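Below is one structure, written out as structure tokens, with a few remarks after it.
For ligands, and for the atoms within them, numbers begin at 1 and follow the listed sequence. Quick note: numbers below take in every heavy atom, side chains included, and nothing from hydrogens, waters or symmetry partners. Since we're looking at a predicted model, the values are computed, not measured.
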Amino acid sequence: MHDLQITPLGYAMGAEVTGLDLTKPLDDLTRRRVYDAWLKHVVLVFPGNAHLTPEQHIAFSRNFGELDTHESQAPETLLEGNREILVVSNKPRAGRPSQTRNTGRNWHTDLSYSLRPAKAAALLCKEKPAVGGDTMWANLTMAYETLSPKMQAIIADMEAVHDVTLVRGLNQRDPALVADMRRRNPPVVHPMVRVHPETGRKSLLAGERVSHILGLTEDESQALLGFLNQHATSPEFVFRHRWRVGDIVLWDNRCTCHVALPDFDQTQPRHMLRCSMKGEAEGRLAEAGPAATKEQMIQTVASLS
Ligand code: OGA
Ligand code: MN
């Protein structure tokens with residue numbers, strides 16, 4: 001019998017789940033209780049899983065959805081023999097610098113630069129620096145719900161372009177792999193307001209991988225995005241996790257964004273394994289070019305008068 005305990009960790013979100021043995025399948029009742037706690041607390045921390053095998057990590061993650069086989073990612077970032085596991089690590093691989101050593105360095109929702117943003121992820125900490133290497137999540141449901149009704153109305157029908165080239169630190173990665181990432185992920189359009197398919201609650205889909213809002217000028221777009229991103233990631237909506245080796249953090253990617261902080265000594269290993277749960281097909285390919293500039297608008301007005 002499991003002795004399941006769920007302890008809230010933060011106001012915005014976050015709860016620790018103890019009393020589970022993740023090397024074994026969860027029974028139906030336990031699975032349901034964990035799943036409901038996840039929908040409620042959004043980010044769950046499961047400590048004590050340092051020795052989980054890749055197969056056990058995968059089996060556990062399947063409780064929360066079908067797993068992504070990472071077509072959007074370069075194959076060399078995946079665990080040998082397990083396409084379901086992405087290696088987020090600063091340890092060299094095959095004698096070369098790791099291509100994921102700076103993964104997640106700006107606020108983002110996983111795979112928002114693709115037509116199928118992830119449903120969820122379960123990230124397991126295998127090795128960590130002595131201090132730091134924290135991750136922060138922002139609750140985008142809270143962010144949406146605390147906008148004024150007027151601002152909610154303004155963004156209600158807005159769509160934004162998400163672009164993989166805005167992943168921070170891409171220029172420090174292997175150019176051939178970056179070109180491959182770009183080929184796999186042309187810019188896509190997503191609505192700025194998402195409806196959570198399970199809770200029905202609205203959330204704000206912004207983040208630092210958004211290039212512009214469709215239909216606005218560049219200046220309008222940057223100003224509004226700046227405000228929305230600052231609002232969404234304000235400390236009141238953030239849960240910050242200090243990793244311990246063996247923690248699995250499971251997050252709901254349908255109503256959060258997150259950032260991996262470089263607040264640690266990069267000569268020390270930080271080694272994480274991630275399973276991603278497949279999201280629903282949501283976006284469409286972006287057809288139009290960049291937003292109109294002020295100069296173009298002036299020209300348009302001039303040619304009309
Ligand atoms: C990720 C990610 C966070 C981290 O794996 O999606 O953003 O702290 N990583 O490593
Ligand atoms: Mn991420």
With only distance considered, is [X] within less than 3.5 Å of ligand 1 through an N or O on each side?
X: W243; value: no
X: H108; value: yes
X: D110; value: yes

Transitive ILVMFWY cluster of Y11, excluding itself - 4.5 Å side-chain cut-off: M142, F237

If you measure only the distance, is there a donor-acceptor pair under 3.5 Å linking the side chains of R274 and S276? yes

Report the relative orientation of the aromatic rings in F227 and H231; use parallel for angles under 30°, tilted for 30 to 60°, perpendicular for over 60°. parallel

To the nearest 0.1 Å, how far is [atom] from its closest protein heavy atom, and which atom is that?
atom: atom 9 (N) of ligand 1; result: L123 CD2, 4.1 Å
atom: atom 8 (O) of ligand 1; result: T135 OG1, 2.5 Å
atom: atom 1 (C) of ligand 1; result: R274 NH1, 3.2 Å

Short side-chain to backbone donor-acceptor contact, S148 and M151, under 3.5 Å: yes

Min over C257, A260, G133, P262 of heavy-atom distance to atom 4 (C) of ligand 1 lands on A260

Would you mind listing every ring-ring contact (aromatic ring centres under 6.0 Å, His included) that reaches into residues 143-178, with sequence neighbours excluded? H162-H190

Quick one: name the protein N/O/S atoms under 2.8 Å from the Mn ion (ligand 2), chain by chain. H108 NE2, D110 OD1, H258 NE2

With N185 as reference, evaluate T165, V164, L111 under the side chain to side chain contact (heavy atoms under 4.5 Å, CB included) test and give the passing residue. V164

Checking H258 against W107 for the ring-ring contact (aromatic ring centres under 6.0 Å, His included) test, could you report, in this order, the C-alpha distance in whole Å, the side-chain angles of both residues, the deciding distance, and whether it holds? CA-CA 5 Å; H258 58 279; W107 283 104; 8.2 Å; no

Would you please name every residue forming a side chain to side chain donor-acceptor pair (under 3.5 Å) with T135, sequence neighbours left out? W243, R270

Between E145 and the options Q152, R201, K202, the side-chain hydrogen bond (donor to acceptor under 3.5 Å, both in side chains) test singles out R201

